[in-house]
J.: 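Submitted below is the structure of interest, expressed as structure tokens.
Atoms within a ligand are numbered from 1 in the order they appear, just like the ligands themselves.
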Amino acid sequence: MQNTLLLVDDEPNILRALERVFQDEGYHILTATSGEEGLNLLTRFSVQVIISDQRMPNMTGSEFLTQVKKHYPKIIRIILSGYSDFEAIKEAINEGAIYKFLVKPWDDDLLRKEIHDAFLINTDQKEKEQNLIRLMNHAKLSGFSLKPNNDLLISENEILNAIETEQFIIYYQPIVKAQTGQLYGAEALLRWQHPKHGFLNPKDFIPLCEEMDLIIPVDTWVLHKACQQLKEWQTQGHADLSISINLSASFFNKPDLYKLVKEVLLTTQIPPDSLKLEITESLIMQNIESNIVILQQLSNLSVKISLDDFGTGYSSLSYLKNFPINTLKIDKSFIDNIVIDRNSAEIVAAIIGLAKILNLSVIAEGVETEDQLNILKEKHCDYIQGFFFSKPVPKQEFELLLNKHYPN
Ligand code: C2E
Ligand code: CA
Ligand code: CA
């Protein structure tokens, strides 16, 4: 049986250029200038691979491929489109309607190889790889540049596998008492030692985990693992140490979050008030009424809540006093400028003043210099976190910091 390739693009000259790329590959080539025409051809021919453009007048490429998936699930469906179309087709990728996203303008050899490989894929493997997102980035791409990390090829299975094979690593960053220089706690910050892509920071993979609906297992793992670690340190003599964990929006809204936290407290036996859950200010302001209920349940467990990135969202002060929260974390963007910019310094002073009135403690994030530290101490900020003391470090290195006295 001959391999049949269907090319769909509303611009005839692009169709012809694509045809030329594949003319010596031995495929049976069909062409269509619209999704409708493509669907029509599929009723008459047996096609194994489709390449479609996204921007077409009536039916977009992703709509066309969604139809194809519904009626011909075994066909390998590829979109070849501009990078700026990515947002528009993301949903279709996540739903598995698009197997691959290749970027125009293409490189002939790479494109031939991709299509050659596509014909070799069997359907079972295809199912597994549905969530694969591949951006083809090549030196010949012109007109726009892809950031190196947009090149990541990460599938759902890789993320799940990373949890099982311990490719995720938690780094810990010290939080220090401003007035005494004593270590107060650590913030757990996730890293990924990826077998192919190397060492990844959260910005490279947390948004992907969120898009693929996999952030809940990831956050659950971090919560368990970091609390276990805290217990170990507490048992070794650092009884007052606390741990701060970042919660994503979907994790915070998980219906049984309360139960999960309770279970972690039970299994690790850490004092509940040594667990601090960090939620961003903008998340908390979204569904205020239901969030207050969730916060109340958590605070009934005696765990502590911090508002992260404080100052960047739009907190209504009248609500703030109703929230069962404990700490404000002043966003790094204010700290960056406190030495040189009076406004930033005044905002920071005002946030600290507000916190005192509301009986909340304050952490300044992203403190990098001694001058910044001195201003913050002068303004009676309670806790300091930042590169001035230490970057986030792996467990073994954090243990060296446990007994250190910090400059104050
Ligand atoms: P975040 O919660 O605001 O964490 C603080 C970020 O600021 C960290 O970046 C930290 O390394 C960085 N930082 C701390 N002090 C300094 C400083 O003095 N200078 C500079 N330039 N940066 C500083 P990181 O580790 O890359 O984390 C980025 C974000 O990823 C975090 O922002 C948090 O929102 C998210 N994240 C990290 N771990 C997790 C996790 O386990 N679950 C979830 N859902 N999100 C996480
Ligand atoms: Ca945080
Ligand atoms: Ca923050």
J.: With only distance considered, is Glu368 within less than 3.5 Å of ligand 1 through an N or O on each side?
T.: yes
J.: Got a donor-acceptor contact below 3.5 angstrom from the Lys356 side chain to the His380 backbone?
T.: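 Indeed, once roles are kept as given, a pair shorter than 3.5 Å links the two residues.
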J.: Quick one: which of Asn246, Leu247, Asp331 has a heavy atom closest to atom 33 (C) of ligand 1?
T.: Asn246
J.: Tell me which part of Asp308 gets within contact of ligand 1: side chain, backbone, both or neither, using heavy atoms under 4.0 Å.
T.: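 Under 4.0 Å from ligand 1, Asp308 contributes side-chain atoms alone.
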J.: Counting distance only, does the side-chain N/O of Glu397 pair as donor-acceptor with the main-chain N or O of Pro394 below 3.5 Å?
T.: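 No, Glu397 side chain to Pro394 backbone: no donor-acceptor pair under 3.5 Å.
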J.: Would a search of protein heavy atoms around atom 6 (C) of ligand 1 find one under 4.0 Å away?
T.: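 Given the 4.0 Å limit, the answer for atom 6 (C) of ligand 1 is no, no protein heavy atom qualifies.
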J.: Below 4.0 Å from ligand 1: does a non-hydrogen atom of Arg191 turn up there or not?
T.: yes
J.: Could you grab the angle centred on the Ca ion (ligand 2), going from OE1 in Glu278 to OD1 in Asn246, to 10°?
T.: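 Approximately 90° at the metal, rounded to tens of degrees.
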J.: Tell me the angle that OD1 of Asp309 and OD1 of Asp308 form around the Ca ion (ligand 3), rounded to 10°.
T.: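 Output for this angle: 90°, rounded to tens.
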J.: Does Glu365 reach ligand 1, in the sense of a heavy atom lying below 4.0 Å from it?
T.: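 Contact present.
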J.: Does NZ or CZ of Lys391 fall inside the cone over Phe387's six-membered ring, less than 6.0 Å from its centre and within 45° of the axis?
T.: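 Yes.
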J.: Using atom types as modelled and distance alone, determine if a side-chain donor or acceptor of Glu365 lies under 3.5 Å from a backbone N or O of Gln385.
T.: no
J.: Can you tell me if Gln48 uses its side chain to pair, donor with acceptor, with the backbone of Ile76 under 3.5 Å?
T.: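 Looks like no, no N/O pair under 3.5 Å.
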J.: Tell me which N, O or S atom of Glu187 sits nearest to the Ca ion (ligand 2).
T.: OE2
J.: Quick one: look up the protein heavy atom nearest atom 31 (C) of ligand 1 and list residue, atom name and how far away it is.
T.: Leu189 CD2, 4.2 Å
J.: Any sub-3.5 Å donor-acceptor pair from Glu63's side-chain atoms to Met59's backbone N or O?
T.: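 No; zero donor-acceptor contacts below 3.5 Å.
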J.: Is there an N/O/S atom in Glu365 that lies less than 3.0 Å from the Ca ion (ligand 2)?
T.: no
J.: Do the rings of Tyr172 and Trp233 sit parallel, tilted or perpendicular, given the 30° and 60° boundaries?
T.: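 Rings of Tyr172 and Trp233: perpendicular, as their planes differ by over 60°.
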J.: Which atoms of ligand 1 are found less than 4.0 Å from any heavy atom of Glu187?
T.: 2 (O), 4 (O)
J.: Would the distance check show the side chain of Gln54 and the main-chain N or O of Ser62 forming a donor-acceptor pair, the cut-off being under 3.5 Å?
T.: yes
J.: Please say whether Leu190 places an N or O atom under 3.5 Å from an N or O atom belonging to ligand 1.
T.: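 Yes; at least one N/O pair falls below 3.5 Å.
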J.: Sub-3.5 Å donor-acceptor pair from the side chain of Asp204 to the main-chain atoms of Asn201, do we have one?
T.: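 Indeed, once roles are kept as given, a pair shorter than 3.5 Å links the two residues.
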J.: Determine the interplanar angle of the Phe86 and Phe101 rings, folded into 0 to 90°, and report it as parallel if under 30°, tilted if 30 to 60°, perpendicular if over 60°.
T.: parallel
J.: Using heavy atoms and a threshold below 4.0 Å, how should the contact between Ile170 and ligand 1 be classified: side chain, backbone, both, or neither?
T.: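 Neither; nothing of Ile170 gets under 4.0 Å from ligand 1.
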J.: Begin from the C-alpha positions of Phe199 and Tyr171 and carry the test ring pair (Phe, Tyr, Trp, His ring centres under 6.0 Å) through to its verdict.
T.: CA-CA 12 Å; Phe199 191 77; Tyr171 272 40; 5.7 Å; yes
J.: Any side-chain to backbone donor/acceptor pair from Gln372 onto Ile335? Under 3.5 Å, distance only.
T.: yes
J.: Protein non-hydrogen atoms only, distance under 4.0 Å: does atom 9 (O) of ligand 1 have such a neighbour?
T.: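 No, no protein heavy atom sits under 4.0 Å from atom 9 (O) of ligand 1.
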J.: Suppose we measure from atom 43 (C) of ligand 1 to each protein heavy atom; which comes out shortest, and what is that distance?
T.: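 Going by distance alone, atom 43 (C) of ligand 1 is nearest to Asp219 OD1, 3.4 Å.
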J.: Just to confirm my output: which protein heavy-atom neighbour is closest to atom 22 (N) of ligand 1, and how far is it?
T.: Phe387 CZ, 3.3 Å
J.: Who gets closest to atom 29 (C) of ligand 1 by heavy atom: Ala226, Gly386, Pro202, Ser250?
T.: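 When every heavy atom of Ala226, Gly386, Pro202, Ser250 is considered, Pro202 comes closest to atom 29 (C) of ligand 1.
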J.: Does Asp9 come within less than 4.0 Å of Arg16, counting only side-chain N to carboxylate O?
T.: no
J.: Has ligand 1 got any nitrogen or oxygen that is less than 3.5 angstrom from a nitrogen or oxygen of Gln173?
T.: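 For ligand 1, there is an N or O atom that lies under 3.5 Å from one belonging to Gln173.
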J.: Report yes or no: does Asp309 have a heavy atom closer than 4.0 Å to ligand 1?
T.: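 The answer is yes, since Asp309 has a heavy atom less than 4.0 Å from ligand 1.
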J.: Would you say Gln385 has any N or O atom under 3.5 Å from an N or O of ligand 1, going by distance alone?
T.: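 No, since none of the N or O atoms of Gln385 sits under 3.5 Å from an N or O of ligand 1.
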J.: Using a 4.0 Å cutoff against the non-hydrogen atoms of Pro392, which atoms of ligand 1 qualify?
T.: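 Counting atoms of ligand 1 from 1, those under 4.0 Å from Pro392 are 11 (O).
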J.: In plain terms, say whether Lys113 and Asp109 are close enough for a salt bridge, that is, a side-chain N and a carboxylate O under 4.0 Å apart.
T.: no
J.: Strictly inside 4.0 angstrom of atom 12 (C) of ligand 1, do you find any protein heavy atom?
T.: no
